[in-house]
Amino acid sequence: MQNPKRYLITAALPYANGLKHVGHLAGAYIPADIYARYLRAQLRDVVFVCGSDEHGTAIPIQARKEGTTAQAIIDKYHEAMRQDFGDLSIEFDIYHRTSDPLHHETAAAFFQQLEQAGELETKETEQFFDPEAQTFLADRFIKGTCPSCKSDRAFGDQCESCGRSLSPDELINPLSTLSGATPILKKTTHWYLPLGKHEAFLREWILEQHKQDWRPTVVGQCKGWIEGGLQSRAVTRDLDWGVKVPLPQADGKVLYVWFDAPIGYISATKQWAIDNGKDWEPYWKDADTQLVHFIGKDNIVFHCIIFPVMLKLGGYILPDNVPSNEFLNLEGDKMSTSRNWKLDMRDYINDFVKAENGGGQAVDMLRYYLTQIAPETKDSEFTWKGFQDAVNNELVAVLGNFVNRSWVLMHKLCKGKVPPYHAAKADEYDKALIEQIRVATESITAHLEKYQFRDALFTVIDLARHGNQYMQRKEPWIIAKRLETEPDAQQSIDNCLHLCLQLTANLTILVNPFLPNTTKTLCQMMKVVDRMLEWKNAGRIDLLKVGYSLREPQLLFRKIEDTEIATQLEKLKKNMMSNEIPPAPITTQAELPAAKPTIQFDDFAKIELKVGTIVAAEKVEKADKLLKLSVDLGTETRTIVSGIALHYSPEEIIGKQVSVVTNLAPRKMRGIESNGMILMAEDASGKLHFVNPQSPVEPGSGIS
RNA sequence: CGCGAAGUAGAGCAGCGGUAGCUCGUUGGGCUCAUAACCCAAAGGUCGGGAGUUCGAUCCUCCCCUUCGCAACCA
């Protein structure tokens with residue numbers, strides 16, 4: 001969009017069930033903040049909204065785990081996250097929350113509008129219900145035996161052991177993970193958003209109109225979903241935590257969290273408007289508004305497919321771009337909350353920002369490094385060594401040092417004042433530097449407009465690097481030695497330092513969106529007011545008035561010591577170790593709230609077990625875990641499909657004796673009917689072993 | 001399985017049809033105003049593998065391999 005009248009910037013609403021880590025920061029919040037700050041410097045009309053996402057099943061679950069209430073959980077994490085963002089100079093215009101009444105009202109009205117316009121469907125389905133906990137169960141909260149590999153580590157959505165995706169009704173012996181009770185099927189009615197109806201719109205809007213200007217990963221993923229067929233998605237759930245469905249017949253139902261959360265952007269904007277005496281509607285309904293969602297890649301489907309459909313139906317504008325980032329890994333491994341392999345924003349704040357020598361410069365160091373390694377096109381990696389190198393070799397050595405040496409020389413050779421520029425004496429180096437400032441400004445602006453923050457920041461640092469090169473060529477400290485015999489030499493010194501100071505002023509403007517605290521320090525050193533920071537001033541070489549006296553230099557950044565990163569690495573490893581104390585092999589009672597109930601002999605007798613001999617085996621096509629086996633059971637040879645291909649090759653198991661459940665109902669897998677099931681024992685490492693007689697017996701022998 | 005993204009110097013990345021670039025690191029030299037910072041130079045790559053299209057491919061097409069992700073907690 002060319003020069004829109006106003007901008008609305010959103011950063012993904014963080015889920016209020018825990019602290020957020022630097023991956024979240026690099027993925028959404030820092031890029032969004034940079035963009036918002038840049039637009040503010042451009043004096044554009046911009047609102048930058050965010051807030052806590054406080055609904056969904058996971059919040060009550062978390063509350064149960066922490067032995068408290070859902071409200072206490074969201075209050076705690078909402079406040080913690082708000083604080084952490086503030087500490088890292090993420091400057092939202094508003095940080096709202098979805099538990100706010102204004103949001104409930106907004107989301108309910110949104111639903112009602114779609115409902116009344118006939119854009120939603122209702123469907124009656126049977127869902128598992130926990131009779132003890134008196135609640136319907138999300139797929140993830142049902143545990144049972146996998147129909148495919150027979151592992152008991154299968155959940156309603158997926159088997160942890162064989163990786164197969166499941167639906168809850170496929171589980172053998174389903175159990176509620178909440179109470180351990182056996183769930184019962186119960187009828188329930190839900191509202192659905194029929195995405196399929198909007199396929200043509202999505203195709204045209206994303207795959208045609210935004211093929212070029214959206215990131216390839218974003219368009220690619222959307223393409224995958226659209227091509228894969230868009231299913232209707234349930235908009236409501238049976239739960240007592242969330243936005244109540246505003247219909248009389250929907251008692252006990254709330255809006256599904258994915259539906260209510262993005263509406264949080266709208267309610268946040270409303271609250272901002274109230275607080276600031278503005279009108280919220282143009283920001284969401286005027287076509288001359290540019291809406292940009294900053295998110296991580298796991299959120300693409302919501303912000304590019306589902307929410308846009310909702311926005312279109314509701315009469316709102318669509319996002320102009322959704323600059324989604326990939327993931328940030330940590331020291332060679334994926335960040336993971338459950339394994340405690342992560343760096344929380346708060347940990348950095350405590351160890352660096354709040355430490356001695358910390359403060360704003362420590363904030364900017366992290367902002368710098370995370371921007372420099374931002375996973376804009378592919379996953380990238382945070383390493384403490386990388387952090388140290390970036391700070392010491394770039395922030396300290398290039399930017400910090402350039403400013404410092406300029407200031408020191410200016411105080412030594414120019415009496416602490418901005419020296420005059422003698423245009424008549426300008427040499428090729430002077431002219432080249434002026435040109436470099438102009439070119440860099442244009443380039444940085446272009447990168448920012450295209451959401452290429454990493455390249456933009458690189459160009460800023462590169463400009464400081466040019467400053468160092470320029471100074472080296474001009475060598476004012478050498479020229480100063482000739483002053484006694486050659487008084488005219490002062491003009492060369494003046495020109496050099498005049499330009500170095502003007503370059504510093506330019507760097508201050510250009511680095512402001514990225515490193516706002518550094519900008520503040522620089523402004524103090526130059527004794528300039530915030531108005532100088534307006535973006536239109538970038539590229540000018542008359543920002544500091546000749547004769548103006550400047551303050552003493554102060555170091556912009558300190559070095560990161562080896563001991564500091566060693567401490568961090570140790571801490572990271574220790575955290576993970578402490579998390580690993582209960583090693584995986586033995587499943588604890590707490591994890592498996594329901595051991596299988598005692599059964600009577602009659603139940604056992606229902607199972608027919610026989611010894612068989614594998615006579616043939618082949619790999620099942622298009623399945624990497626399945627083998628198709630022919631098993632000799634004495635009286636007959638049966639086809640059995642088994643999920644053991646990762647553990648055994650077809651050749652090595654031919655002739656092996658195995659235990660077979662022979663009266664299991666037939667089941668089709670990958671188009672092949674399997675008549676029975678091979679018993680396998682799983683060891684601690686997950687490796688499967690055959691359960692077979694100690695010495696060979698006749699095929700078909702019974703087992704009891 | 002399928003779908004999406006990615007595989008380029010020791011590391012991190014750019015390039016995307018015309019004899020391989022950047023930053024850091026390494027080595028050598030210079031300078032000394034500067035937070036042992038700065039500047040200059042050099043070494044270092046058969047651009048994941050194979051086939052094809054083309055006068056010519058890192059860049060296009062096909063196949064294969066590897067990594068990451070793929071809808072209901074997770075940037």
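Residue numbers start from 1 in every chain, and the chains themselves are labelled A, B, ... in the order their sequence lines are given, proteins ahead of strands. Remember, it's a predicted structure, so these values are computed and weren't measured experimentally.
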Worksheet item: In the structure shown, which nucleotide is the Watson-Crick or G-U wobble counterpart of B:C73, with both distances under 3.5 Å?
Response: none
Practice prompt. Verify the contact: side-chain N or O of A:K412 to OP1 or OP2 of B:A34, cut-off strictly under 4.0 Å; return yes or no.
Written response: yes
Item to complete: Give one of base, sugar-phosphate or nothing for A:N393, where a contact means two heavy atoms less than 4.0 Å apart.
Response: sugar-phosphate
Item to complete: Select base, sugar-phosphate, or nothing to describe what A:Y29 touches, counting heavy atoms under 4.0 Å on all strands.
Response: nothing
Discussion item. Using OP1 and OP2 only, check whether a side-chain N or O of A:R454 sits under 4.0 Å from B:A14.
Written reply: yes
Discussion item. Using atom P in both nucleotides, what's the gap between B:C74 and B:A36 to the nearest angstrom?
Written reply: 47 Å
Practice prompt. With a 3.5 angstrom cut-off on both distances, give the Watson-Crick or G-U wobble partner of B:A41, or none if there isn't one.
Written response: B:U27
Practice prompt. Report yes if at least one side-chain N or O of A:K559 is closer than 4.0 Å to OP1 or OP2 of B:A37; otherwise report no.
Written response: yes
Worksheet item: Partner of B:G12 by Watson-Crick or G-U wobble geometry, both contacts under 3.5 Å, or none?
Response: B:C22
Discussion item. At 4.0 Å (heavy atoms only), tell me whether A:I295 reaches a base, stays on the sugar-phosphate, or touches nothing.
Written reply: sugar-phosphate
Practice prompt. Check the geometry between A:F302 and B:A71 and answer yes if their rings are stacked (centres below 5.5 Å, planes below 30°), otherwise no.
Written response: no
Worksheet entry | Rounded C1' spacing from B:G21 to B:U58 in Å | 12 Å
Item to complete: Remember a base hit wins even if backbone is also touched, and classify A:L328 as base, sugar-phosphate or nothing at under 4.0 Å, heavy atoms.
Response: base
Discussion item. Under 6.0 Å from the ring centre and within 45 degrees of the ring axis: does the NZ or CZ of A:K474 meet both conditions for the six-membered ring of A:Y429?
Written reply: no
Discussion item. So, does A:Q469 get its side chain near the phosphate of B:C40, meaning an N or O under 4.0 Å from OP1 or OP2?
Written reply: yes
Discussion item. Looking at the base of B:A72, is there any donor atom on it, or on the side chain of A:R233, that sits under 3.5 Å from an acceptor on the other one?
Written reply: yes
